[in-house]
Amino acid sequence: MTALAQALPAAFYDRPVLDVSRDLIGCVVSCGGSAGVIVETEAYHHSEPACHAFVGLTPRTGVLFGPPGRAYVYRSYGIHACLNAVSEREGVGAAVLIRALEPISGIEPMRERRGLERLESLCSGPGKLTQALGITLDHNGSSLSKGPVLISEPPPSWREFSVTAGPRVGITKAAELPWRFCIAGNRFLSRPAR
DNA sequence: CATGGGATTGACT
DNA sequence: GTCAATCCCATGC
């Protein structure tokens, strides 16, 4: 394990979701004795139809409209869990989808939870990284500052990289918005940046 | 209460 | 390239 870094405060997420989405690149997600650096994110905002919050306040979207800095975890295609960081002022309805991590510690537990060996396959997708870190729907609504899922500032060796923006992956509505952010050329992206 | 659609992944042609 | 798995929940009757 690397030295414990400072978890980002809730105020970090209380900003425009595009800023939070870009600034989360390089930060560290940790859970279940494993951790990885965020190399790919997507922003979602209630004002556009690809966002779950677009339909308004329902039992499903309650966390999205809650205070910033909490985890919104939803089930995708009946099989996978996807991790989001709720952003913007309470009541707005916005979040950042964490799409890919570069594993940095607790690699063996990740391999066990994923049932795979290949490093590049452990966290290179939103459903993969939650499985690798042991993140489940039970974490929905939990604080990303207090855990058990934590997001911390970038490690010292991760302060220099270039972030590119492009269209989001796998959506049918508002697909033209360039709200996906990645580290250009990183080997651990869910798919290459365009 | 019945229906349908995913912010995906992995296996297969 | 195609496609099924599988379940939560929004929507409509």
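In what follows, every chain begins at residue 1, and chains take the letters A, B, ... in the order their sequences are listed.
By the salt bridge (charged side-chain N to carboxylate O under 4.0 Å, His left out) test, E176(A) is found to be paired with no residue, residues two or more places apart in sequence or in another chain being considered. Evaluation of the ring pair (Phe, Tyr, Trp, His ring centres under 6.0 Å) rule for F54(A) yields no partner, not counting sequence neighbours. By the side-chain contact (heavy atoms from CB on, under 4.5 Å) test, C51(A) is found to be paired with Y44(A), E48(A), A53(A), residues two or more places apart in sequence or in another chain being considered. Residues passing the salt bridge (charged side-chain N to carboxylate O under 4.0 Å, His left out) test with R15(A), sequence neighbours excluded: D23(A).
Panel note: side chain R114(A), backbone S121(A); a donor-acceptor pair is recorded below 3.5 Å. Under a 3.5 Å cut-off, the side chain of S87(A) and the backbone N or O of A85(A) do form a donor-acceptor pair.
Contact annotation: the side chain of S145(A) never approaches that of F12(A) to less than 4.5 Å [non-hydrogen atoms, C-beta and beyond].
Counting only residues at least two apart or on different chains, no salt bridge (Lys or Arg N to Asp or Glu O under 4.0 Å) pair has a member in residues 126-152 of chain A. Applying the salt bridge (Lys or Arg N to Asp or Glu O under 4.0 Å) definition to pairs two or more places apart or across chains, those involving residues 177-189 of chain A are E40(A)-R180(A), E120(A)-R187(A). Each salt bridge (Lys or Arg N to Asp or Glu O under 4.0 Å) pair with one or both residues in residues 80-94 of chain A, not counting sequence neighbours, appears once here: D14(A)-R89(A).
In plain terms, the two heavy atoms of T164(A) and A193(A) that are nearest each other are OG1-CB, 3.8 Å.
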For a quick test of your reading: what N or O donor-acceptor pairs under 3.5 Å do the side chains of residues 60-67 of chain A make, sequence neighbours left out?
| unit_1 | atom_1 | unit_2 | atom_2 | d |
| --- | --- | --- | --- | --- |
| T61(A) | OG1 | G56(A) | O | 2.7 |
| T61(A) | OG1 | T58(A) | N | 2.8 |
| T61(A) | OG1 | T58(A) | O | 3.4 |
| T61(A) | OG1 | T58(A) | OG1 | 3.3 |

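Taking a heavy-atom distance under 4.0 Å as the criterion, the stretch of DNA chain C touched by chain A extends 5' to 3' from dA5(C) to dT11(C).
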For DNA chain B, what dot-bracket results from Watson-Crick or G-U pairs at under 3.5 Å, with [ ] for crossers and | for inter-strand partners?
-> ||||||.|||||.

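The distance between atom CD of E42(A) and atom P of dA7(B), rounded to the nearest whole Å, is 10 Å.
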Spell out protein contact along nucleotides 8-13 of chain B as letters: B when the base is contacted, S when just the sugar-phosphate is, - when no protein heavy atom is under 4.0 Å; keep the 5' to 3' order.
-> BSS---

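Interface residues of residues 51-61 of chain A facing DNA chain C, ordered by number: V55(A), T58(A), P59(A), R60(A); criterion, heavy-atom separation under 4.0 Å.
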